[in-house]
Chemist: 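Attaching a single structure in structure tokens format; questions to follow.
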Amino acid sequence: MALEWSLLFRRQEQEGGDRNNPAQELLDLLSDPFAGQLAAASVYSALGISLGFTVFIAICFSFLRPYNQAVYAPKLKHANERHAPPPLGKQPWSWITPLVTTREEALVHQIGMDATIFLRFVRMCRNMFIVLAMLGLAILVPIHWDNWNDIAEHGAAPEQWIMQITPLNISVSGTWAQVAVAWVFDFIIIGFLWWNYRKVLQLRRKYFESEEYQNSLHSRTLMLFDIPRQGCSDEGIARIIDGVAPNSSFARTAIARNVKDLPDLIAAHEHMVRKLESVLAKYLKNPAQLPPARPMCKPSKKDPAYDTYPKGQKLDAIEYYTQRIRNLEIQIKEVRASVDRRSTMPYGFASYSDIAEAHNIAYMCRKKKPHGATIMLAPRPNDIIWPNMVLSSSARSRRRLMSALWVTLLTFFWIAPNAMMSIFLVNLANLGKVWDAFQTSLEQNTTFWGIAQGILAPAITSLVFLLLPIIFRRLSMRAGDQTKTGRERHVTAKLYSFFVFNNLIVFSLFSTIWGFVSGIVDSTSNGRNAWRAILDENIALTLFTSLCRNSPFWVTYLLQRQLGAAIDLAQIWPLVYAFFLKKFSSPTPRELIELTAPPPFEYASYYNYFLYYATVTLCFAGLQPLVLVATAMYFAIDSYLKKYLLLYRFVTKTESGGVFWRVIFNRFIFATILSNFVVLLTCWAKGNSATHIQFFSVCPLPFIMIAFKMYCSRTFDDKIRYYSTHATNRHADEAAPKESRLRSEKLASRFGHPALYKPLITPMVHQKAQNLLPSVYSGRLTDGRDADASDLATVSGYSDMYALGAMQGGKPGKSANVPGFEFVSENHMDFEYYKNRAEFIDDRGGNEMYGRAGDITRPETPGSFGEGSDHGSRPGTPLSGRSNTPFGPGGARRTDTGYQPFRPPAAPFHQPSRQPSPLYSQENNSSSGLVGNAAGPPMSPSPVYPYAGTPGRATPPMFSPQAGGPSVGALGGGPQGYSGLAQTEAEEASDPAQYDYFRGSRPRRDPGSGW
């Protein structure tokens, strides 16, 4: 493409005869886009502006912080005692002390492993580049300066000092300094990476031993996917694991059920609720003076009744969204009620009583696929991307291929826009050289275009950088990533590849390649042979000269990163966004509550930026030692600023336990190898042209880095990933206490699809519109208590929470005379009152950050929901006694024990009276206040429950409405929980559907018998 453009411009030049025509100007700009723009003065200005504004913003932040804690320190208010950061004083400088005194051991508990590993990476970069900067300045600068002075004495053209410290005119003997520095730098990088790899290993081992990890369910649970059709049952999961670990203990297993369109229905319901909230917030903004016309909207094309509405006619928005929400809730409840009659899915989970045993099995299965299934450690339940779990291995492969193709196309297609932006948007005068009409406008409106020049390039670049993570994240979702943390690691890798290729390699070498092509075109136009012209061009020297000429740009670029770090600390965008949202729009109560919550930290973007800065610095370290100083300054400042943000503002959206480290390590290895190639280019261009001894002296370095990577992978990775890699002999008396807790854990609900039990959100309305809402709302005005119990639509009004009566004053979410709505007072529009609600915390640190249990289990404590099949009722029995009977020709025996909780039990519960029960009394202490003083929920007839027990079984006292135990109505969904979720324990040992039933009296299985 460059050759075709160059030929076109040369032809236009010959035809026009004018050497100042636009084509020639564009050709000159492409050959040297930085001509006349980079000088020592730009470095001075960048240093002064960046440091000056950084200090100014830090001072302003110090005085604003004590009075804006909701923006600058929300975790102080919302985090529980275990995860709370150190307290801050009111003095302007009090925020500095915790950054210096808080150690890494405390950070693990306060901000989590992912954030701790991130800060360790930033500190590693800070210390590493400080050491490299001192060595680079001490070794390279004097040698380059002396070589330039020697050449200047022989009449060389004068250059600015910033070019004199580059190896542009280095002698052959001076290239040995490049060789020595390359070796020293590589071993310093190896030392820092090795030291921090060991520290990460130590952190991971402490993380494994922590109380939080030891008591969590996911830590001893295996996830299986790509399960063959004949093994898609609870029993099938156990048999698959049996084929790899025949001597393992019994495990509780749960196969997944097909939820079909239930997630889409719930997503549509949430979207409709938010739309209704938005419409009501605008319409009822001023209750004393309503708008003359009711809000109107067009029906959604996803509405099944879309074709029944008049074409092109708008509908009453309040009535339409209300009806749409009602219909969606009916569909959701019907699907949830029938989920057990649907087919199983090719993935499931197996939970053990001992963490070491689960990790041992996962370690043994890391390179195996028994019966085609993949077995790995289970992530946290909120980390799973459920829609991708059903994909087959071939489907994931095809999707990954298509995703890689799209990323490649996007990367290559961005070359031309990137080149045009770097030439024209950075300096609009260049555009005037090739566009006469624009040049006239530029001369007439100098001030306007001067302002536009300062805004356009940063704005467009920032917009692209904001959109790229979103694009890559969606591509990773479509590629079949099964966990959110895995998706974020892939996004980091894609962003890094895109940045390095487009913003470093292409950006630095484009002008050189263009000049090379232009030179060949000039030679061939004069009658020379094209191949001879290519051989005569010294491409290595041309590339080396171009990199040296462009190196001051990277100094100014890295110096300006200080300003970005300060702006990040000031959180200017959240302040501006909150101001405009409150002053110039009509935010819903939900939006105002979410505005006060700690935002999630974007690890993929920040890791990509830091790795990109490190790569640029390492590549230009031998060409321009000042880049080492600029990067060392940046990391020295930002290591403390990011520490404050992670301590007091940001939370980890989904905790992975520090698994980002391998992605960081591998990219750092690649950056070092890329820098070695730059040194190889320098030695080839400026070294001994006869023997190239300097070039061959650097050749071993890339192979040393690859060998170091392999060494670290074999030495550390298994210990970092697995709690144990060697099977241990467990005595029966030691196993019994651990296995006894399997009976109190609800694997099927904790690792079941959230669509099966996730509460539906309730429309939130400002309390000031409480009395006005009945006059503008024409929907159902009953709370469901007087309706037919069999009508699923009347169970909860417009949410999955039962209709609420008049509640205790002062509690958030006060309900009034219109059911199905949650009224929020002005004082309660704060995340503090809703941090126990899943709808608000799922994307803001999960459960543990705010004191909820999450997937942490307690021995001998009943779980919140129903349970899966229990294969641990006889502790200590070896698996060798399992049945050797293969699955029949009809496939696996279907057992519905995995998702039994979603069938109501056959035991009849007492019909609640219409009077408030003690559970719903005024003394209710729920932090959300959503169940206080509410009447008992209506009951629907219970269908037959074939596996949980026999009809007529008495309800356990602890779940009886008459008992003083924890009545399940507190869950917000009545005695069966949400959508008839069973709350009672099943009698597993005598259940024929359980795997334990079959293996007790069967003969010992022959290991070679297969299924």
Chemist: If I compare all heavy atoms of W183 with all of S697, which pair ends up nearest, and what's the gap?
Modeler: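 Closest approach of W183 to S697: NE1-O, 2.9 Å.
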Chemist: Could you report the tightest heavy-atom contact between R204 and M113, atom names first, then the distance?
Modeler: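 For R204 and M113, the tightest heavy-atom pair comes out as CD-CE, 3.9 Å.
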Chemist: So does T672 get a backbone contact from the side chain of S675, meaning a donor-acceptor N/O pair under 3.5 Å?
Modeler: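 At least one qualifying donor-acceptor pair exists.
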Chemist: Of all residues at least two apart in sequence or in a different chain, which pass the salt bridge (charged side-chain N to carboxylate O under 4.0 Å, His left out) check with E602?
Modeler: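 R473.
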Chemist: Would you call E209 and Q214 a side-chain contact if the rule is heavy atoms closer than 4.5 Å?
Modeler: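 When only atoms from C-beta onward are counted, Q214 and E209 do touch, with a gap below 4.5 Å.
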Chemist: Distance-only, no hydrogens or angles: does the N388 side chain make a donor-acceptor pair with backbone N or O of D481 under 3.5 Å?
Modeler: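 Such a contact is found between N388 side chain and D481 backbone.
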Chemist: Under the rule for side chain to side chain contact (heavy atoms under 4.5 Å, CB included), what residues qualify as partners of L563, not counting sequence neighbours?
Modeler: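 Side chain to side chain contact (heavy atoms under 4.5 Å, CB included) check on L563 returns F53, I57, I567.
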Chemist: When the ring centroid of F129 is compared with that of Y634, is the distance short of 6.0 Å?
Modeler: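 Judged by ring-centre distance (under 6.0 Å), F129 and Y634 do not meet the cut-off.
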Chemist: Atom CD1 in I673, atom CG in L680: separation rounded to 0.5 Å?
Modeler: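 Taking CD1 in I673 and CG in L680, the distance rounds to 11.5 Å.
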Chemist: Determine yes or no for a side-chain-to-main-chain donor-acceptor pair under 3.5 angstrom, with S403 supplying the side chain and R399 the backbone.
Modeler: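 Side chain of S403 to backbone of R399, a donor-acceptor pair under 3.5 Å: no, none is there.
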Chemist: Considering residues at least two apart in sequence or located in another chain, which fulfil the side chain to side chain contact (heavy atoms under 4.5 Å, CB included) criterion with Y213?
Modeler: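 With sequence neighbours excluded, Y213 shows a side chain to side chain contact (heavy atoms under 4.5 Å, CB included) to Y207, F208, S210, S216, H218, S219, I355, H359, given in chain and number order.
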Chemist: Say you draw a straight line from OH of Y723 to CG of D354; how long is it, rounded to the nearest 0.5 Å?
Modeler: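 Between Y723 OH and D354 CG, I get 7.5 Å after rounding to 0.5 Å.
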Chemist: Could you check whether Y613 and F635 have their ring centres less than 6.0 Å apart?
Modeler: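 No: the rings miss the under 6.0 Å criterion.
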Chemist: If you count the non-hydrogen atoms of other residues, nucleotides and ligands that lie under 6.0 Å from CZ in R474, is the total more than 12?
Modeler: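 Counting neighbours around CZ of R474, 12 or fewer heavy atoms of other residues, nucleotides or ligands fall under 6.0 Å, so no.
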Chemist: Would T682 and L547 count as a side chain to side chain contact (heavy atoms under 4.5 Å, CB included) here? Give the steps.
Modeler: CA-CA 10 Å; T682 302; L547 292 176; over 6 Å; no
Chemist: In the structure I gave you, are the side-chain heavy atoms of N676 and M705 within less than 4.5 Å of one another anywhere?
Modeler: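 Yes, side chains in contact.
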Chemist: Provide the closest heavy-atom pair for L681 versus L543 in the form atom of the first, atom of the second, distance.
Modeler: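 Result for this residue pair: CD2-CB, 4.0 Å.
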Chemist: According to side chain to side chain contact (heavy atoms under 4.5 Å, CB included), who are the partners of T411, at least two apart in sequence or on a separate chain?
Modeler: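 Counting only residues at least two positions away or on another chain, T411 forms a side chain to side chain contact (heavy atoms under 4.5 Å, CB included) with V407, F498, F501, N502.
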Chemist: Would you say that more than 12 heavy atoms from the other residues, nucleotides or ligands in this model lie under 6.0 Å from the CZ of R366, or not?
Modeler: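 Count over threshold, so yes.
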Chemist: Between atom NZ of K643 and atom CD1 of I111, what is the distance when rounded to the nearest 0.5 Å?
Modeler: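 The CD1 atom of I111 is 8.5 Å from NZ of K643, to the nearest 0.5 Å.
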Chemist: Kindly say whether G174 contributes a backbone atom to a donor-acceptor pair with the side chain of S171 at under 3.5 angstrom?
Modeler: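 Here the side-chain-to-backbone pair exists.
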Chemist: Just wondering, more than 12 heavy atoms not from W406 lying within 6.0 Å of its CH2?
Modeler: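 12 or below, so no.
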Chemist: Would you check if L193 and C712 make a side-chain contact, meaning some heavy-atom pair closer than 4.5 Å?
Modeler: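 No, every pair of side-chain atoms sits at 4.5 Å or beyond.
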Chemist: Quick one: sort the F665 and W661 rings into parallel, tilted or perpendicular, breaks at 30° and 60°.
Modeler: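 Tilted.
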Chemist: D383: what forms a side chain to side chain contact (heavy atoms under 4.5 Å, CB included) with it, not counting sequence neighbours?
Modeler: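 Testing D383 for side chain to side chain contact (heavy atoms under 4.5 Å, CB included), a comparison that skips the adjacent residues, returns P379, R380, T483, K484, T485, T654.
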Chemist: Taking only residues two or more places apart in sequence or in another chain, which ones pass salt bridge (charged side-chain N to carboxylate O under 4.0 Å, His left out) with R400?
Modeler: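 Testing R400 for salt bridge (charged side-chain N to carboxylate O under 4.0 Å, His left out), a comparison that skips the adjacent residues, returns none.
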Chemist: Sequence neighbours excluded and cut-off under 3.5 Å, please list the side-chain donor-acceptor pairs for residues 130-142, or say none.
Modeler:
none

Chemist: Compare every heavy atom of A245 with every heavy atom of M364, then report the nearest pair and how far apart it is.
Modeler: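 Closest approach of M364 to A245, heavy atoms only: CE-CB, 3.6 Å.
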Chemist: Would you mind reporting whether R487 and H490 have side-chain heavy atoms less than 4.5 Å apart?
Modeler: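 Not touching, per the 4.5 Å side-chain cut-off.
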Chemist: Under 6.0 Å from the CZ atom of R721, do we count more than 12 heavy atoms belonging to anything else shown?
Modeler: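 Result for CZ/R721: open.
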Chemist: Sort and list the pairs that fulfil salt bridge (charged side-chain N to carboxylate O under 4.0 Å, His left out) and have at least one residue in residues 113-132, not counting sequence neighbours.
Modeler: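 Every salt bridge (charged side-chain N to carboxylate O under 4.0 Å, His left out) pair that includes a residue of residues 113-132, provided the two are not neighbours, is E104-R120, E104-R123.
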Chemist: For the ring pair Y606 and F601, is the centre-to-centre distance below 6.0 Å?
Modeler: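 Yes: the rings meet the under 6.0 Å criterion.
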Chemist: Is any side-chain heavy atom of F499 closer than 4.5 Å to one of L468?
Modeler: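 L468 vs F499: side chains touch.
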Chemist: Taking the side chain as everything from C-beta on, heavy atoms only, tell me whether L222 gets closer than 4.5 Å to Y352.
Modeler: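 Yes, their side chains come closer than 4.5 Å.
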Chemist: Quick one: closest heavy-atom pair of D226 and R396, and the distance?
Modeler: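 Looking at all heavy atoms of both residues, the closest pair is OD2-NH2, 2.7 Å.
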Chemist: Does K494 have any salt bridge (charged side-chain N to carboxylate O under 4.0 Å, His left out) partners at least two apart in sequence or in another chain, and if so, which?
Modeler: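 Partners of K494 under the salt bridge (charged side-chain N to carboxylate O under 4.0 Å, His left out) test: none.
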Chemist: For A356, is there any backbone N or O sitting under 3.5 Å from a side-chain donor or acceptor partner on N360?
Modeler: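 Here the side-chain-to-backbone pair exists.
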Chemist: Is any side-chain heavy atom of L47 closer than 4.5 Å to a side-chain heavy atom of M633?
Modeler: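 Of all side-chain heavy-atom pairs linking M633 with L47, at least one is under 4.5 Å.
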Chemist: Is any side-chain heavy atom of T545 less than 4.5 Å from a side-chain heavy atom of L541?
Modeler: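 Of all side-chain heavy-atom pairs linking L541 with T545, at least one is under 4.5 Å.
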Chemist: Any pair with a residue in residues 691-720 that passes salt bridge (charged side-chain N to carboxylate O under 4.0 Å, His left out), sequence neighbours left out, goes on the list, sorted by first then second residue, please.
Modeler: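 Only R662-D717 qualify under salt bridge (charged side-chain N to carboxylate O under 4.0 Å, His left out).
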Chemist: In a table with atom names and distances, give each donor-acceptor pair under 3.5 Å that connects a side chain of residues 619-631 to protein atoms at least two apart or in another chain.
Modeler:
unit_1: Q624; atom_1: NE2; unit_2: I162; atom_2: O; d: 3.1
unit_1: T631; atom_1: OG1; unit_2: T617; atom_2: OG1; d: 2.5
unit_1: T631; atom_1: OG1; unit_2: V627; atom_2: O; d: 2.9

Chemist: Out of curiosity, F677 CZ to L701 CG, how far, rounded to the nearest 0.5 Å?
Modeler: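 It is 10.5 Å, given to the nearest 0.5 Å.
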Chemist: Going from NE2 on H692 to SG on C683, what distance comes out if it is rounded to the nearest 0.5 angstrom?
Modeler: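 H692 atom NE2 to C683 atom SG measures 11.0 Å (nearest 0.5 Å).
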Chemist: Can you sort out the partners of D638 under salt bridge (charged side-chain N to carboxylate O under 4.0 Å, His left out), two or more places apart, ordered by chain and number?
Modeler: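 Scan of D638 (salt bridge (charged side-chain N to carboxylate O under 4.0 Å, His left out), adjacent residues dropped) gives K642.
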Chemist: Can W194 and Y197 be said to form a ring-ring contact (aromatic ring centres under 6.0 Å, His included), step by step?
Modeler: CA-CA 5 Å; W194 175 79; Y197 222 131; over 10 Å; no
